[in-house]
Engineer: 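Pasting a structure below so you can have a look.
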Amino acid sequence: MFSLEGLTNFIHEWLNGHLPATFALLVEFVIVGVAAIGLFAVLGLGLVWMERKVAAVMQIRLGPNRLGPKGIFQTSADTVKLIMKEALTPSNADKFLFNLAPFIVIIVAMLILVPIAFARNFQIWDINIGVLYVTAVSSLSVIGILMAGWSSGNKYSLLGAMRSGAQIVSYELSAGLSIISIIVLTGSLKISDIVASQENGWWIFKGHIPAIIAFVIFIIAATAETNRAPFDLAEAESELTAGFHTEYGGMKFALFFLSEYINIFIVCAICATLFLGGWMPFHIGSWTAFNHIMDYIPSSIWFFGKTIFLIFVIMWFRWTFPRLRVDQLLNLEWKYLLPISMFNVLLMTLMAIMGWHF
Amino acid sequence: MTKEELKIKITEIHPEAIIDESGEWLNVSVEAAAFRSFAEQVRMDELDLDYVFCLTCVDWKTHLTMVYHLSSTTHRHNIVIKVKLDRNKPEIETICDIWRTAELHEREVFEMYGVVFLHHPDLRLLILPDDFVGYPMRKDFEDPINMIKL
Amino acid sequence: MFEEIGTTEEGDLIINVGPQHPATHGVLHLVLTLNGEIIKKVEPHLGYIHRSIEKMCESLSYRQFIYVTSRMDYLSAHINNHACALIVEKGLNVEVPQRAQYIRVIMDELTRIASHELWWSAMSMDLGAFTPYFLAFREREKINEIMEETCGARLTMNYMVPGGVMTELHPDFQEKVKSFIVDFKKTLHEYDELITGNVIFQNRMKGVGYISKEDVITYGCTGPVARASGLRSDIRKIAPYDVYDKVEFDEIIETGGDCFARYQVRIKEMSQSIRIIEQLIDNIPEGDFQAKTKAVLKLPKGEFYQRVETARGELGVYIVSEGAAQPYKIKFRSPGFSNLSALDHMVRGHKIGDFIAAMGTLDLVIPDIDR
């Protein structure tokens with residue numbers, strides 16, 4: 001059976017056999033870094049292409065179809081164009097912050113990759129506070145966005161950044177609470193434990209209705225946190241031209257654009273891990289034979305399959321719904337989602353104590 | 001109201017008005033000094049002309065004529081008010097506090113014909129650039145660079 | 001009697017929406033005074049596409065000036081031309097053949113549907129829904145094809161001449177229009193399912209950009225904007241021209257006065273347009289498509305005014321003639337100009353998102369405002 005576990009173990013043993021332990025660790029750092037950047041590039045290109053194809057299907061048209069089969073090289077060509085563009089800095093801008101902002105956003109996106117389990121035993125760092133780490137780091141990206149909006153010296157950017165600030169801070173709460181309701185069941189923040197606890201079925205099926213409520217709330221909050229339509233108020237093309245990245249061009253814009261797609265991937269990966277079992281194949285309680293057959297599908301395919309399905313759902317939202325207004329957006333969070341998810345945590349706790357879940 | 005009834009009514013309001021019945025609608029000519037009070041009366045009175053659907057100016061080379069097309073949304077009758085103005089110093093009272101739509105229309109007439117609307121709250125150039133000199137819609141306006149005449 | 005013109009204070013945020021802005025759909029320049037997200041004042045700065053069409057028309061003959069007007073409200077170019085053809089016919093007392101009248105009205109209504117479809121797509125995109133844009137353009141393409149086949153042009157049709165229409169209909173015309181109607185009835189339902197019933201959409205539209213009937217009258221609003229506030233203002237009913245008095249259709253009146261009412265008026269108007277076309281398409285009488293007119297047209301001395309109902313509202317053409325081959329003075333009373341003046345009143349105290357929604361439902365076409 002194909003597994004990525006063998007590959008990592010082989011590299012680890014080979015390095016330790018030929019180099020002193022410290023150097024071996026350093027080389028592993030480099031390999032991981034390069035792999036992460038490579039993943040970034042592939043994900044960025046792939047997801048942008050996917051978005052355009054999904055949009056095309058929704059809008060009854062073809063989408064990119066000239067460069068390569070089904071237009072898969074279209075996004076690569078776009079990237080080349082963006083790299084070759086002149087990186088302008090407006091004269092009104094605060095030059096240091098203006099140039100720093102895209103890097104902060106992209107570094108934050110990169111940091112959240114750390115605890116994600118891509119396949120069985122294939123994870124950069126199985127940190128014991130995994131989920132907490134993800135929620136903590138992901139809220140840092142708002143600093144980059146505020147910085148970009150403020151330093152551009154453009155009123156549209158400023159308005160977009162302020163909206164984004166209010167939005168991300170608010171939706172962190174209900175995203176956090178829906179994560180907590182799963183933590184109540186698993187009893188551990190560690191990603192590997194969370195995945196292992198779903199050995200006999202995914203939480204969305206085992207956790208009854210509270211888990212489904214938590215799942216729906218998490219998807220909504222995740223869409224809002226990544227500034228995607230219908231919550232794309234920070235960009236709001238028809239209102240604020242392009243919101244916080246109005247003044248950015250070329251590769252600096254591309255970094256914002258890339259980080260948006262990476263963030264989608266990450267929230268979907270977290271969602272898949274918490275509710276849909278991460279890399280865990282589809283298992284049903286004590287059906288040993290069925291579970292064994294499911295195990296033949298490699299764990300990496302399970303993980304990416306689930307994540308891409310969730311990404312598709314988020315893209316589906318974008319091409320179907322109109323945008324909310326800024327006060328409606330905050331009303332939705334503070335008046336509906338937050339009370340519901342608080343109640344949901346209580347319900348989940350009660351269920352966990354009484355042992356009603358499977 | 002028919003033309004005849006309108007005519008009687010208008011003569012009651014303003015006996016000096018010159019009424020011309022040849023056109024599709026009743027043409028009422030009023031002096032600039034009496035225009036404002038006349039306008040207030042036709043708006044308020046039982047004529048109820050509450051709707052200005054066209055407001056423009058005609059340059060007759062010797063004088064200017066303001067043309068107001070009024071209509072009533074309740075009685076569905078229309079009249080045309082005409083006011084003759086001095087071409088060298090065209091001034092007329094604004095009607096934009098009676099009919100709000102006149103605000104932008106008066107600004108347009110102001111820049112195109114040079115008619116000054118007294119007591120207009122915000123009489124600035126609307127369509128033309130801020131530093132534009134001249135009144136393009138007047139008959140004697142010639143712009144050698146951007147020729148409008150074909 | 002009326003609210004004061006808004007003021008700007010220290011600390012207010014002043015934003016230029018336009019001349020290039022995704023939501024203005026053209027070169028409209030609006031200066032917004034904001035207090036945070038709340039709008040305090042909207043001030044239009046026009047003229048970015050002012051071509052002085054009125055002045056140009058003063059040196060064009062009565063046959064020529066019709067075609068300049070296609071460039072005003074380019075989305076209802078045919079209806080603009082109709083107004084100009086009608087005023088010349090009125091001045092010359094030309095009897096237009098029945099066949100030409102039927103063709104004109106059918107084309108008018110097709111233009112109205114095309115225009116409303118473009119509005120629907122653009123407005124939905126303003127609200128952040130992208131898919132409607134493509135759906136509506138797909139349907140609009142069919143109308144454009146019919147137009148192209150008949151008049152040779154897709155946007156500025158130039159099909160009208162004083163006394164009738166320029167050429168005979170294409171042999172496929174009736175068949176194509178009928179098949180379009182069959183398709184379009186399904187599409188209208190699709191529109192409702194995609195957008196109208198959406199909760200987010202309704203929250204964005206209901207109670208937003210309210211304008212009362214009294215305000216509609218004083219601001220001189222026309223067309224769907226006026227009808228959404230309960231004012232009967234359809235020129236096709238008030239002063240019917242051509243065969244509009246022979247067909248049955250309803251004037252859509254809503255009393256909401258908000259963005260949603262304006263939205264509904266336009267959506268319902270499309271089905272009324274279909275109704276008009278259905279009544280006419282099978283009954284186009286045989287005969288001439290053009291009345292015989294002189295080579296050089298000269299309107300008698302006097303003043304003429306003609307009103308028609310374009311997709312955006314009442315278009316008025318005012319001609320002063322001195323008996324020459326060219327008009328002495330011409331004035332186009334465009335619907336967009338008056339509707340725009342009500343925008344400030346509609347959105348004051350609302351948020352930026354509402355401003356975009358209100359502007360979307362006003363259906364502004366910038367060359368129509370600037371002329």
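Order of the sequence lines fixes the chain letters, A, B, ..., with proteins taken first and strands second; residue numbering starts at 1 for each chain.
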Engineer: Please state whether the side chain, the backbone, both or neither of C/Glu43 comes within less than 4.5 Å of a heavy atom of chain B.
Structural biologist: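 When you check distances to chain B, only side chain atoms of C/Glu43 fall under 4.5 Å.
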Engineer: Using non-hydrogen atoms only, which part of C/Glu58 is less than 4.5 Å away from chain B: side chain, backbone, both, or neither?
Structural biologist: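 It is the side chain, since no backbone atom gets that close.
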Engineer: Within the structure provided, determine whether B/Glu103 and C/Tyr219 are in side-chain contact (heavy-atom separation under 4.5 Å).
Structural biologist: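 Contact flag for B/Glu103/C/Tyr219 side chains = no.
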Engineer: Does a side-chain heavy-atom distance below 4.5 Å link B/Val58 with C/Tyr328?
Structural biologist: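 Yes, their side chains come closer than 4.5 Å.
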Engineer: Relative to chain B, which segment of C/Arg307 carries a heavy atom at a distance below 4.5 Å: side chain, backbone, both, or neither?
Structural biologist: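 C/Arg307 touches chain B through side-chain heavy atoms alone.
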Engineer: Does a sphere of radius 6.0 Å around NZ in C/Lys237 hold more than 12 heavy atoms from other residues, nucleotides or ligands, not counting ones at 6.0 Å or beyond?
Structural biologist: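 It does: C/Lys237 NZ has more than 12 such atoms within range.
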Engineer: Measure distances from C/Phe332 to the heavy atoms of chain B and classify the residue's part below 4.5 Å as side chain, backbone, both or neither.
Structural biologist: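 Contact with chain B is absent: no heavy atom of C/Phe332 under 4.5 Å.
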Engineer: Quick check: does any side chain N or O of C/Arg333 sit under 3.5 Å from a backbone N or O of B/Cys54, one acting as donor and the other as acceptor?
Structural biologist: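 Such a contact is absent between C/Arg333 side chain and B/Cys54 backbone.
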Engineer: Closest approach of B/Lys82 and C/Tyr318, non-hydrogen atoms and distance?
Structural biologist: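 Nearest pair, atom of B/Lys82 first, then C/Tyr318: CE-OH, 4.4 Å.
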Engineer: Can you give me the closest heavy-atom contact between C/Ser338 and B/Thr101, atom names plus distance?
Structural biologist: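 Distance-wise, the nearest heavy atoms are OG-OG1, 3.8 Å.
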Engineer: How close do B/Tyr51 and C/Cys221 get, heavy atom to heavy atom, and via which atoms?
Structural biologist: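 Looking at all heavy atoms of both residues, the shortest contact is OH-O, 2.9 Å.
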Engineer: With only heavy atoms counted, which part of B/Asp130 is less than 4.5 Å from chain C, the side chain, the backbone, both or neither?
Structural biologist: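 No part of B/Asp130 comes within 4.5 Å of chain C.
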Engineer: Under 4.5 Å between any side-chain heavy atoms of C/Lys329 and B/Cys57, yes or no?
Structural biologist: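 Answer no - side chains too far apart.
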Engineer: With a 4.5 Å limit on heavy-atom distance, are the side chains of C/Lys331 and B/Met137 in contact?
Structural biologist: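 The answer is no; the side chains never approach within 4.5 Å.
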Engineer: Is the number of heavy atoms from other residues, nucleotides or ligands within 6.0 Å of NE2 (B/His63) greater than 12?
Structural biologist: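 Correct, the count exceeds 12.
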Engineer: Pick one of side chain, backbone, both or neither for B/His69, based on which atoms fall under 4.5 Å of a heavy atom in chain C.
Structural biologist: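 Contact with chain C: side chain only.
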Engineer: Shortest non-hydrogen contact from C/Lys55 to B/Arg138?
Structural biologist: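 The pair with the smallest heavy-atom distance is NZ-O, 2.8 Å.
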Engineer: Does any heavy atom of chain B fall under 4.5 Å from the side chain of C/Ile217, the backbone, both, or neither of them?
Structural biologist: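 Contact with chain B involves both backbone and side-chain atoms of C/Ile217.
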Engineer: Do the side chains of C/Phe337 and B/Leu126 get nearer than 4.5 Å, heavy atoms only?
Structural biologist: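 The answer is yes, as the side chains (C-beta and beyond) meet within the 4.5 Å cut-off.
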Engineer: Highest number of heavy-atom pairs under 4.5 Å with chain B: which of C/Ile238, C/Ile369, C/Asp370?
Structural biologist: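 Looking at each of C/Ile238, C/Ile369, C/Asp370 in turn, C/Ile238 comes out on top.
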Engineer: Does NZ belonging to C/Lys298 count more than 12 external heavy atoms closer than 6.0 Å?
Structural biologist: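 Incorrect, the count does not exceed 12.
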Engineer: Heavy-atom distance under 4.5 Å to chain C: side chain of B/Asn27, backbone, both or neither?
Structural biologist: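 Contact with chain C is through the side chain of B/Asn27 alone.
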Engineer: For each of B/Val52, B/Leu55, B/Val67, B/Leu128, tally heavy-atom pairs with chain C at distances under 4.5 Å, and name the one with the top tally.
Structural biologist: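 Maximum pair count with chain C is reached by B/Val67.
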Engineer: Taking atom CZ of B/Arg124 as the centre, report whether more than 12 heavy atoms of other residues, nucleotides or ligands fall under 6.0 Å from it.
Structural biologist: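 Enclosed.
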Engineer: Supply the atom-to-atom distance C/Glu322 CD to B/Trp60 CH2, rounded to the nearest 0.5 angstrom.
Structural biologist: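 Separation between the atoms: 4.5 Å.
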Engineer: Rounded to the nearest 0.5 Å, how far does CZ of B/Arg107 lie from CG of C/Leu46?
Structural biologist: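 Answer for the CG-CZ pair, C/Leu46 versus B/Arg107, is 8.0 Å.
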Engineer: So which atom in B/Ile98 and which in C/Thr218 form the shortest heavy-atom distance, rounded to 0.1 Å?
Structural biologist: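 Residues B/Ile98 and C/Thr218, closest heavy atoms: O-OG1, 3.8 Å.
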